[in-house]
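Only one structure is covered here, and it is reproduced in the block below.
Order of the sequence lines sets the chain letters (A, B, ...), proteins ahead of strands, with each chain counted from 1.
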Protein chains: 2
Amino acid sequence: MELDKSLVSGSMALLVMKLLEEKDLYGYEMIELMKNRSDDTFHLKAGSLYPLLHGLEEKGYVEAYEQEAAAGKPRRYYHLTKRGHAALSEKEQAWEIYARAVRRVLRGGVCLGEA
Amino acid sequence: MELDKSLVSGSMALLVMKLLEEKDLYGYEMIELMKNRSDDTFHLKAGSLYPLLHGLEEKGYVEAYEQEAAAGKPRRYYHLTKRGHAALSEKEQAWEIYARAVRRVLRGGVCLGEA
DNA sequence: TTGACATATATAGGCTGACTATATATCATA
DNA sequence: TATGATATATAGTCAGCCTATATATGTCAA
């Protein structure tokens with residue numbers, strides 16, 4: 001079953017920043033890592049990722065620097081800033097709240113805590 | 001903390017259909033029910049809901065019928081069709097897959113099962 | 001009586017986020 | 001030499017939810 005793409009909306013920035021929490025990465029690497037970490041669920045496209053990274057850079061959540069690779073084009077590494085860490089933390093909390101609310105609704109009305 | 005609206009994208013159709021699984025509802029009722037069921041997390045707006053319902057009707061996922069209320073405007077009730085039930089089931093599965101993948105990424109790399 | 005508010009549905013227009021398509025450039029391999 | 005993997009980038013498009021606004025009825029307070 002193909003994943004409904006409309007479900008993916010909005011959380012890519014969160015997921016990308018989460019990858020950057022561990023270590024600096026370049027774009028192409030993130031695409032591969034995202035695929036692996038999500039157990040082949042998220043196929044983040046280059047055309048989605050690079051504009052997203054530029055947006056995060058504008059907001060001051062990441063900083064970029066060029067680095068030569070052993071072969072091929074030089075790589076543009078991204079580093080999560082202090083502000084980025086703070087934003088990531090908030091987005092993680094927001095995700096928790098959101099996912100919990102979806103679970104509540106999907107669990108249906110026959111449960112405790114019904115308002 | 002205000003919920004990041006961009007996270008909500010895409011899953012409203014799923015949640016609305018889930019409400020309709022239990023019983024027929026009219027639009028205004030869904031807005032209230034959604035708020036209660038989600039523990040005051042989802043504030044679905046009328047301007048989002050009604051076009052969404054019309055879309056579900058066009059796809060044959062719901063059927064509508066008018067019914068007079070004790071007072072005020074007649075209410076437009078929505079009923080989940082057989083096709084709607086099937087679509088709901090698929091969307092629920094898609095949500096499970098998506099949420100699991102997000103959890104995997106958020107859990108980070110220092111875990112078992114890393115691909 | 002009139003103004004505000006809750007109930008109830010509807011549409012127009014805008015913003016954001018992810019997509020496809022395309023462009024560029026290097027290197028390996030067939 | 002041409003195909004594919006690596007690597008980054010932008011333009012244009014589409015979908016989803018938003019705000020703002022319109023309509024209509026009933027209740028309650030000033």
Taking for each residue the nucleotide of DNA chain D with the nearest heavy atom, is it A:S48 or A:A69 whose nucleotide lies nearer the 5' end? A:A69
Distance, rounded to the nearest Å, where B:L49 contributes CG and D:dT19 contributes P: 14 Å
Heavy atoms, side chains only, cut-off 4.5 Å: are B:L15 and A:L106 in contact? yes
N-O pairing of A:E92 and A:K18 below 4.0 Å: yes
One pair to check against salt bridge (Lys or Arg N to Asp or Glu O under 4.0 Å): A:K35 and A:D40. What are the steps and the verdict? CA-CA 5 Å; A:K35 197 153 63 174; A:D40 208 37; 5.2 Å; no
Over 60° means perpendicular and under 30° means parallel, so tell me whether A:Y65 and A:Y77 are parallel, tilted or perpendicular. parallel
Indicate yes or no: does B:E57 engage B:R76 in a salt bridge with an N to O separation below 4.0 Å. yes
d(OH, B:Y50; P, D:dA20) in whole Å: 18 Å
Expressed as a whole number of angstroms, how long is the span from A:E68:CD to D:dA7:P? 12 Å
Send over the distance from A:F42 CZ to C:dA18 C1', rounded to a whole Å. 13 Å
Can you check whether B:F42 and A:Y98 have ring centres sitting under 6.0 Å from each other? yes
Establish, with yes or no, whether the OP1 or OP2 oxygen of D:dT8 is under 4.0 angstrom from a side-chain nitrogen or oxygen of A:H54. no
Of the options D:dT6, C:dA18, C:dA10, whose atoms approach the side-chain atoms of B:Y78 most closely? C:dA10
Rounded distance (Å) that lies between atom C1' of D:dA9 and atom CZ of A:R76: 11 Å
Do A:E32 and A:R37 sit within salt-bridge range, that is, some charged N less than 4.0 Å from a carboxylate O? no
Without decimals, in angstroms, what is the distance between B:L14 CG and D:dC17 C1'? 15 Å
At less than 4.0 Å, is any side-chain N or O atom of A:K45 found next to OP1 or OP2 of C:dA18? Yes or no. no
Nearest whole angstrom, please: distance from the C1' of C:dA6 to the CZ of B:R75. 12 Å
B:Y26 vs A:L52, nearer the 5' end of DNA chain C by closest nucleotide: B:Y26
By nearest nucleotide on DNA chain C, pick out whichever of B:G47 and A:G47 is the more 5' one. B:G47
D:dT6 P sits how many Å from A:I31 CD1, rounded? 11 Å
Letter per nucleotide, 5' to 3', of nucleotides 21-28 of chain D [B base touched, S only sugar-phosphate touched, - untouched; heavy atoms, 4.0 Å]: --BB-S--
